[in-house]
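Just so it is clear: chains get the letters A, B, ... in the order the sequence lines come, proteins before strands, and each one is counted from 1. This one's a predicted model, so the numbers in the text were calculated from it and none came from an experiment.
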Amino acid sequence: MIGFATRRLLQAMIVMLVVALLAFTMFRFVGDPVNQMVGIETSIEEREALRERLGLNDPIPVQFFRFVTQAAQFNFGTSYQFRQPVSDLFAKRIPATLELSFTSALFALVVGIPMGIYAGLNRESAVSKLFLSVSLIGISLPTFFIGILLIFLFSVTLQWLPSFGRGEVVPVGSWWTTGFLTVSGLKALILPSITLGLYQMTLIMRLIRAEMLEVIRTDYIKFARARGLPDRLVNFRHALKNTLVPVITITGLQLGAIIAFATITETVFQWPGMGLMFLQAVQNVDIPIMSAYLLLTAFLFVAINFIVDILYFFIDPRLRVGRP
Amino acid sequence: MKHRSLLLAAALFAAGAGTSAQAETLKYAFQGTLNALDPYSLNETFTLSSLGNTYEGLTRRGADLAIEPALAESWEIVEPNRWRFHLRKGVKFHNGNDFTAEDVAFSVDRVRSEGSDLSTRVGADVKVEIVDDHTVDFVLTGPNPILNYEWDTFYMMDKDWTTENNAVKVTSASDTTPNYASLQANGTGPFKILSHEAGVKTVYEKNDGWWDEAKHNIDTVEFTPIGSDATRVAALLSGELDMVYPIPVQDIKRINDNAGTVALTGPELRTIFLGMDQMRDELLYSDVKGKNPFKDAKVRQAVYQAIDIEAIKKKVMRDLATPSAIMISPFLFSKGSEFERYPYDPEGAKKLLANAGYADGFSVGMDCPNDRYVNDEAICQAVASMLAKVGVKIDLNAQPKAKYFAKVLASGGFDTSFYLLGWTPGSLDSWNVLSNLMNCRDEAGKGSPFNLGGFCDAKIDSLTKEVLVEIDPDKRDGLIAEAYKISHDNAYYIPLHQQGLAWGVADNIDLVQRADNQFKFRFVTKN
């Protein structure tokens, strides 16, 4: 067990190092940060002095080594745009992203599962076909387009929901802020959550539908029906339960994806989370924020995979013996 | 009994009076973020515009951009090289400290220190002498008629506050610890900053102790940066915001058609122009080898005359642009209207090219930003198709500003053959244009650092030096006109237009749209 965990940990570290190297290489192609940090009239000498102070003139291996050693100590430096420590900025933005991701995942599950069950049980009905067509939209339309569509329908035309921001937020504890406790905060969550969760919702719905169709054909369901059990019991107790295993796995993995790829949704709705900050950083060549975000995202995936691996170890006895 | 009802009536009256003066909140959005609050960190229009609601300079500019007294009540040139500023008495910073000559001297030192991006506001050779608490002398080494032209954005800071909070050093991007002055603000202006979360929200509150009579009726201002154009416009149309800027030109009609909102448009000071590499002996990006076609004035004029500026104005800019014949807005130069563009003449352009030995045309690479100016990439595409008609084949390289500037500016080694750029003189004066764009430079950029094409005309250089020290306004404008004329005659640059400003505003808001694109809350009234 310890050997297995160590091996996985070692692999995880290699992955992180590779991501760091990729991120670092990428920054050399995004443009010149100094131009974004000073006004256009700033003289060449002053630009050069700033470049020197930032260490951008050092040899590339020196820069990379400095970057990795600092990142290993969770020191991502100071944001070029905001002149504040990157870790503070992330701490302020994390609640927004996590609340949005959580609500989207909830939306995807709460809406996706019943739709999937219905479509699985009544595959010929018109409603099921409607569900399938709607889900096609969810998969094929790009996120930003859905977002803008929703804004124009619900904010501009109907004026029911806000088009941007988090609404009023309430501080909880020393650094968390929540929009769950105010009316405007809850209203502001609706459109971004739907936009972000639509893809996952369709995914879950189609998954459940397919699994349902599969399970319903199995012998034990036929036996259950033969025993004269009521439909409700057969469908929900026996069939649904067995479809949920893959759904739970997928949902777990998708949660990581939701957090990591909230970027577009956050930009469309000006949602003050990490993804929005990342996109702004890209536009302004704010290297410290970009690198921290990429490493954070990589860390999230590596951590999820690591946990899943360890869980498999407990679930699947075959992993415990004789693997090199 | 009677007494009681009287009291009740009085109470009701008081309550009524209370609500009639209800608190007005102005909510607005801009496409970019307000980063650090340190007024010397970044020399950029939006930052200075925002901080100008909280901080003030010795001078300020009015609705028509004329220089007005602000923290200095008056000033005079007592000797040719000695300017005397009489400070306004009784002005207090938001923390209650008095504004005195000490603060002026301190601010001058700080704005010139290392890390300041506004160090050109006061020349390094200028000495500051405190005469008394409310009088300050600036001693120069030579005459300078435009000493105070940029002081409307050189904001005065409180010496005690800055020193007590260890913020004397200007917040520089290379700092590892946050500077107090970049997170907090303490000015003398009409609005205090109540809270500031960079990139998320900034809240301002009316300063009741402001020295000037408030013409606005705003109590609170909420600023949100909204980067996405569609979202920004939607937030205005839905009534969530009172004002958003800028708005895309293609959305102007929608905003005007919508009940309750209107698009405010006007000319901006920024001049958009094309420049050509006239320094290298062979262009970096061209099929002409061994010589540089842009060194020939005929070729430059041919390119100029091949461009149908009216078509760009109409089709690309949707009429939100003013075609320009010189490199500064005519609004900023008294003789600006005397200049006229070379007429659009593709046939003439072809003849000029043939005369120069390029009857079959040539190809050249063009650099263009795609997120910096209004419809910048579309302008370049239009130029490319117009030049194709006279045989000049353009290989367009349009990229985000971060990459574009890294390539074409000095730090990238002026790596361009043909480019589009925009320029607003920070001082709103022609000397800035001449010294930044039109003087000779060497390969490292010494001289005019933004003369990216590197053309060199000794006459313009000497005129620039004369303009710097000429006190007589008429003579000075004459010298400037001469320099512009040389540039025009030789087609050193191809000015295109002054792009327009477009702000989206709710109907119940009155405000002033200044041509320098600064948004000042003190001009706003909400009905």
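- With a threshold of 4.5 angstrom between heavy atoms, A:Phe82 approaches chain B through its backbone and through its side chain.
- Interface remark: A:Gln283 contributes backbone atoms only to the contact with chain B (heavy atom separation under 4.5 Å).
- For chain A, the option among B:Ala198, B:Ala410, B:Ser228 with the highest count of heavy-atom pairs below 4.5 Å is B:Ala198.
- If you check the side chains of B:Glu240 and A:Ser155, you find no donor sitting under 3.5 Å from an acceptor.
- Heavy atoms of other residues, nucleotides or ligands lying less than 6.0 angstrom from CZ of A:Phe180 number more than 12.
- For B:Gln499, the side chain to side chain contact (heavy atoms under 4.5 Å, CB included) criterion is met by B:Glu268, B:Arg270, B:Ile272, B:Met317, B:Tyr373, B:Val374, B:His497, not counting sequence neighbours.
- Top candidate by heavy-atom pairs under 4.5 Å with chain A, chosen from B:Ala235, B:Pro400, B:Gly412, B:Ala402, is B:Ala402.
- A 4.5 Å side-chain heavy-atom check between A:Phe164 and B:Thr224 finds at least one atom pair inside the cut-off.
- By the neighbour-count criterion of 12 heavy atoms within 6.0 Å, atom CD of A:Gln159 is densely surrounded, having more than that number from other residues, nucleotides or ligands.
- Neither the backbone nor the side chain of B:Leu118 comes within less than 4.5 Å of any heavy atom of chain A.
- Of the two parts of B:Leu237, the backbone and the side chain both hold a non-hydrogen atom closer than 4.5 Å to a non-hydrogen atom of chain A.
- With chain B as partner, the option from A:Arg47, A:Glu45, A:Arg166 having the largest number of non-hydrogen pairs under 4.5 angstrom is A:Arg47.
- Atom CD of B:Gln250 has more than 12 neighbouring heavy atoms from other residues, nucleotides or ligands inside a 6.0 Å radius.
- For the atom pair B:Glu197 CD and A:Leu89 CG, the distance stands at 9.0 Å (nearest 0.5 Å).
- Of the atoms belonging to B:Phe450, it is side-chain heavy atoms, and not backbone ones, that fall under 4.5 Å from chain A.
- A heavy-atom distance below 4.5 Å is not found between the side chains of B:Asn179 and A:Arg83.
- Of the two parts of B:Ser182, only the side chain, counted from C-beta on, holds a non-hydrogen atom closer than 4.5 Å to a non-hydrogen atom of chain A.
- Counting non-hydrogen atoms of neighbouring residues, nucleotides and ligands closer than 6.0 angstrom, the OH atom of A:Tyr199 reaches no more than 12 such neighbours.
- Here B:Thr464 pairs with B:Asn439 under the side chain to side chain donor-acceptor pair (under 3.5 Å) rule; sequence neighbours left out.
- Interface with chain B: from residues 270-282 of chain A, residues A:Gln270, A:Pro272, A:Gln280 qualify, criterion being any non-hydrogen pair under 4.5 Å.
- With a 4.5 Å cut-off on non-hydrogen atoms, B:Ala444 touches chain A through its backbone but not through its side chain.
- Within a 6.0 Å sphere centred on CD of A:Gln70, heavy atoms belonging to other residues, nucleotides or ligands number more than 12.
- Using a 4.5 Å cut-off between heavy atoms, B:Asn432 touches chain A through its side chain atoms alone.
- Both the backbone and the side chain of A:Gln81 come within contact range of chain B, each with at least one heavy atom under 4.5 Å from a heavy atom of that chain.
- Rounding to the nearest 0.5 Å gives a distance of 5.0 Å between OG of B:Ser411 and CZ of A:Arg51.
- Looking at B:Leu241, only its side chain comes within 4.5 Å of chain A, counting heavy atoms on both sides.
- Interface remark: B:Thr424 contributes backbone atoms only to the contact with chain A (heavy atom separation under 4.5 Å).
- Across A:Asp88, A:Val268, A:Val285, A:Thr267, the residue that shares the most heavy-atom pairs under 4.5 angstrom with chain B is A:Val268.
- Chain B is approached within less than 4.5 Å, heavy atom to heavy atom, by no residue from residues 190-197 of chain A.
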